[in-house]
Amino acid sequence: MLGWTMAALLALGLAQEAGSTPPEKIKVGVVLSMTGDTAAFGEQTWAGLQVAKEMKPKVLDREIELVLVDDKSDKIEAAVAAQRVVQRDKVVAILGEVASSRSMAIASVAEAKKVPQISPSSTNPLVTQGKRYVFRACFIDSFQGEVIANFAVDHLEAKTAVVFKDIAQDYSVGLASFFKTTFVKRGGKITQELKYQTGDQDFSPQLTLLKSEPPDVIVVTGYYQEAAQIAKQARGLGLKSVFLAGDGAEAPELVQIGGAAVEGLYFSTHFDEKSATTALGDAYVKAFRKKHQTAPDGLGALGADAYFMLAGAIEQAGSAEPEKIRTALEQLKGFEGVSGVITVDAKHNTLKSAVIRTVKNGEFVYVATVNP
Ligand code: PHE
């Protein structure tokens, strides 16, 4: 009797192996801030990732399954989320985060567990520095700082600048310092350096210091919530300086919160449909507009690029094993992504163009593309 059961079970197993069940899905962890201070970052990135997944749902004939975990805009939660997708879901790679501080928290898990991580949009140099398993789809802040500083000097003819930085964010601190280096090198003068922290609401103590000697430009290197508030309170105090920001300002909330105060603000970012240079970029713009009925942004484009980089690496490796993906990512050269051509260098960074956008009548408008 027992023998018969075994035989039957074996036959069943064999029958399954013979092909009725589809091949196992490739699980990919996605750690993003879907709620909290920077919920817009998670939402925008996820919007782009979904489009990318619809454009390329399978690799090596296996479906990709995205396992999304919300880190609530918190770096400890980000590390916990990374642990969870690796241990519970057995993901072969992690996509995320947007904020550099949170990407670094995830990176410690990626390194320890030997699972590749691709940050779509974390621009602080330290995110990948000295890491074997951490990659990114975007340019870094030494370049971004230079782009903003050159824009201030060449297009805004700024001679004086005040830098406003969020000391709770590695991104903000780094970008402020890179801006300063180039601005000073180009003959500009930093008249004040002001500090705040994520979550702050009242910036009048710092802004009041600028009333006697307002600078040509106020450079806010933090994220959209605080950038919008700073602009609003500055205008409230009668300050007329031009506002300049980095990619962290890019969210619809900048305009929703800042209203008229953010009109004329300039920021650097990674993509605009007018800056698309690749066939994949064009296809993405079409697919994005169709699915979301709005214009694509930098975060979504980079989310898609992180996905396509991973899919490309799996194809190149002919395997979804983490170690093989890691090696293939390291060898990725001249990859025609959505936001431009991606070549992973020895430090796991990539040289890409930046885009300057401005706020005009409550919309983000393309100004220029700056090549490295
Ligand atoms: N570059 C920012 C960081 O490193 C994240 C960001 C990218 C935010 C693009 C908005 C748009 O923290």
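All ligand and atom numbering here is 1-based and tracks the order in the structure.
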Item to complete: Take every heavy atom of Gly248, measure it against each atom of ligand 1, and state whether any distance is under 4.0 Å.
Response: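 Yes; Gly248 lies near enough to ligand 1 that a heavy-atom distance drops under 4.0 Å.
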
Sidechain N-carboxylate O distance under 4.0 Å for [X], [Y]:
X	Y	result
Lys165	Glu193	yes
Lys131	Glu111	no
Asp37	Lys72	no
Arg357	Asp272	yes
Lys360	Glu363	no

Can you list the ligand 1 atoms lying under 4.0 Å from a non-hydrogen atom of [X]?
X	result
Ala99	12 (O)
Ser122	4 (O)
Tyr171	1 (N), 2 (C), 3 (C), 4 (O), 12 (O)
Phe41	8 (C), 10 (C)
Leu299	7 (C), 9 (C), 10 (C), 11 (C)

Worksheet item: So is Ser121 polar-close to ligand 1, meaning N/O to N/O under 3.5 Å?
Response: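 Such a contact does occur with ligand 1.
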
Worksheet item: Taking distance alone, with no angle check, do His270 and ligand 1 share an N/O pair under 3.5 Å?
Response: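 No: no nitrogen or oxygen of His270 is under 3.5 Å from one in ligand 1.
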
What is the nearest protein non-hydrogen atom to [atom], stated with its residue, atom name and distance?
atom	result
atom 4 (O) of ligand 1	Ser100 OG, 2.5 Å
atom 6 (C) of ligand 1	Val98 CG1, 3.5 Å
atom 12 (O) of ligand 1	Tyr223 OH, 2.6 Å

Discussion item. Can you tell me how far apart CG (Leu194) and CG (Asp166) are? Round to the nearest 0.5 Å.
Written reply: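 That separation rounds to 13.0 Å.
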
Discussion item. As a check for students: among Asp247, Leu302, Thr38, identify the option with a heavy atom nearest to atom 11 (C) of ligand 1.
Written reply: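 Looking at heavy atoms only, the winner is Asp247.
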
Discussion item. Atom NZ of residue position Lys333 - does it have more than 12 heavy atoms of other residues, nucleotides or ligands inside 6.0 Å?
Written reply: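 Enclosed: over 12 neighbouring heavy atoms sit under 6.0 Å from NZ of Lys333.
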
Worksheet item: Side chain of Ser177, backbone of Val173: donor and acceptor closer than 3.5 Å?
Response: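 Not at all, since once roles are kept as given, no pair shorter than 3.5 Å links the two residues.
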
